[in-house]
Amino acid sequence: MSVHLAKGTRDHLPEKMNQRLHVIATLREVFERYGFEPLETPAFERIETLMGKYGDEGEQLIFKILKRGEGGKRGEVDQALRYDLTVPLARVIAMNPALRMPFKRYQIQPVWRADRPQRGRYREFVQCDVDTVGCTSMLADAECVAVLHDGLQALGFEGFTIRVNHRALLRACVEHVGLGDMESSVLIAIDKLDKIGRDGVNAELKGRGVSDESIATLWELFSVRGPGALDHLEALLGAPATTPINELREMLDAAAEMGVVLDRLVVDPTLARGLGYYTGPVFEAEVTEPKIGSISGGGRYDGLVGIFSNRQVPAVGLSLGLDRLVVVMEELGLFPDLRSASKVLVTVYSEELRPHSIRAVSTIREAGIPAQLVLDRVGKIGKQFKSADQAGIPWVVVIGPDDLQAGTVSLKHLPSGSQENLSLARAIDKIRS
RNA sequence: GUGAGUGUAGCUCAGCUGGCAGAGCAUCGGAUUGUGAUUCCGAGGGUCGUGGGUUCAAGUCCCAUCACUCACCCCA
């Protein structure tokens, strides 16, 4: 029988798992530093909770679950695997009106999309989300940008940029050229600028019936990117753009105060972002080196929670893609050696001396040092050294007849090749330091 | 959902106009019975993705099928 994984899924063997846990631990530390608290929600939701939140294209990618029993045989569906972590959060907020606001949570869980797999794209992947709910202040948005910045920095990234825009600003641009009625299709075309270039966007806009004149006006609006972009748009758009421009300025200033390196923050008037529910500032992080699409995206979505609860609850948040982070970090060599958590391998010299090795490994473990004991039938001591080397375990302890007589152990440090005989207590001190 | 490409040893791949299935790395054994990584010698390992067809003969040509990869769409 030939065995296959389901399309778009992977097993995470220990070496990969250590990388993933390293990323998660690093991000959690940053999230908690900013005062976000953990949340988990079920893998699947009622179908009504998810439908109508992601646009037509997104909705087709939802994994649906057939009803149990007769209904399922007729193809009826009542539940679905979660598509992201934001909509479940909105449901949680609606169901728990007593939560103290602002509610700041992080959530690191898998989501599922029935996409066609590709490099850095899977059908099951883990998102690391951070959101602040119940706060209209741009400080909350600034915190999201800052937590994203600090998270990437803590992981060791250097060449990354966070592009920033504002949905209302983009809308003002589109309305300025008289295309307000076809906002979404225009935004989708503009968003592809980096990918297909200006000519490609022009072709797409023309294909959607946008006049040359309107296109020319659009490019005039979008001609400045970076520091001067907001001044440029303010001059051209006037009053309709005042609010979003001021909000962005407020957010950028606060982010700078929070320590975000300004070179890494780029105002990009063409940034749109796909998901339908964003209403305010939006942002997206991408790395310059391996081309893999965005590794994080987020923004303000003040309307989403209200869909579930009648009351309007503002919210802003972001999502980091764990799987893409791992792919990129691997390529950039940002991982330390994570082959084994064990620091020591205690060898077994012979059947007769095995009890001494067992006692030694126990003592080392009691001292809090992760340690392995050779469990197999006793082989040549050289083989045991080799297995330590291959597993990436730096220290090896040998207890042979000579050591026994002297009351010492032999401790070898494989990376340096140095070895000495000393008491077990001294050996433990040495490994610890 | 649309288009293209690739399936040969555990991994990366070579295999010409059809003619006995190959290399490097990895693994295992030995050189070295108290020492890995380096060096030397040796060994094992294959239904050539699967099914059918053409042929004296198919890894190679044809058809189908499955899996994977890449691009588009969309997105983490």
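Each chain gets a letter, A, B and so on, in the order its sequence line appears, and its residues count up from 1.
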Task: A:Tyr277 ring center near A:Tyr301 ring center (under 6.0 Å) - done: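 Yes: the rings meet the under 6.0 Å criterion.
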Open item on the list: Near RNA chain B, counting only heavy atoms under 4.0 Å, which residues of residues 387-397 of chain A show up?
Closed with: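 A:Asp389, A:Gln390 - these, ordered by number, are the residues of the stretch whose heavy atoms sit under 4.0 Å from the strand.
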Task: Close residues, residues 417-433 of chain A, relative to RNA chain B [heavy-atom separation under 4.0 Å] - done: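 By residue number: A:Gly417, A:Gln419.
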Test: [X] and [Y] ion pair at under 4.0 Å:
X        : Y        : answer
A:Arg28  : A:Glu32  : yes
A:Asp84  : A:Lys53  : no
A:Arg105 : A:Asp131 : yes
A:Arg82  : A:Glu45  : no

Open item on the list: Between B:rC74 and A:Arg116, counting only base atoms on the nucleotide and side-chain atoms on the residue, is there a donor-acceptor pair under 3.5 Å?
Closed with: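 Looking at the base of B:rC74, it does not pair with any donor or acceptor on the side chain of A:Arg116 (distance under 3.5 Å).
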Open item on the list: Using only modelled atom types and a 3.5 angstrom limit, is any donor from either the side chain of A:Arg273 or the base of B:rC74 paired with an acceptor on the other?
Closed with: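 For A:Arg273, whose side chain was compared with the base of B:rC74, there is no donor-acceptor pair (under 3.5 Å).
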- [ ] Give A:Thr347 one of three labels, base, sugar-phosphate or nothing, depending on what nucleic acid heavy atoms sit under 4.0 Å from its own.
- [x]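 Result for A:Thr347 = nothing.
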Task: Runs of at least three Watson-Crick or G-U pairs with RNA chain B, cut-off 3.5 Å - done: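 Ordered by first number, the stems with RNA chain B (at least 3 consecutive pairs each) read B:1-7 with B:66-72, B:10-13 with B:22-25, B:27-31 with B:39-43, B:49-53 with B:61-65.
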Task: Options B:rA71, B:rC75, B:rA37, nucleotide nearest the side-chain atoms of A:Gln118 - done: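 The nucleotide sitting nearest to the side chain is B:rA71.
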Open item on the list: Counting only side-chain heavy atoms from C-beta out, which of B:rG34, B:rU35, B:rC74 sits nearest to A:Asp403?
Closed with: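 It is B:rG34.
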Task: Interatomic distance, A:Leu345 CG vs B:rG34 P [rounded to whole Å] - done: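 Whole-Å distance recorded here is 18 Å.
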Open item on the list: Under 4.0 Å from OP1 or OP2 of B:rU35: is there any side-chain N or O of A:Lys380 that close?
Closed with: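 For B:rU35, OP1/OP2 do not have a side-chain N/O of A:Lys380 under 4.0 Å.
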Task: Test side-chain hydrogen bond (donor to acceptor under 3.5 Å, both in side chains) applied to A:Lys67 - qualifying residues, sequence neighbours left out - done: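 Counting only residues at least two positions away or on another chain, A:Lys67 forms a side-chain hydrogen bond (donor to acceptor under 3.5 Å, both in side chains) with A:Glu76.
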Open item on the list: Going by the rule salt bridge (Lys or Arg N to Asp or Glu O under 4.0 Å), which residues pair with A:Asp376 if we only count those two or more places apart in sequence or in a different chain?
Closed with: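 Checked A:Asp376 against salt bridge (Lys or Arg N to Asp or Glu O under 4.0 Å); zero matches.
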- [ ] Any pair with a residue in residues 329-388 of chain A that passes ring pair (Phe, Tyr, Trp, His ring centres under 6.0 Å), sequence neighbours left out, goes on the list, sorted by first then second residue, please.
- [x]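 Sorted result for residues 329-388 of chain A: A:His22-A:Phe335.
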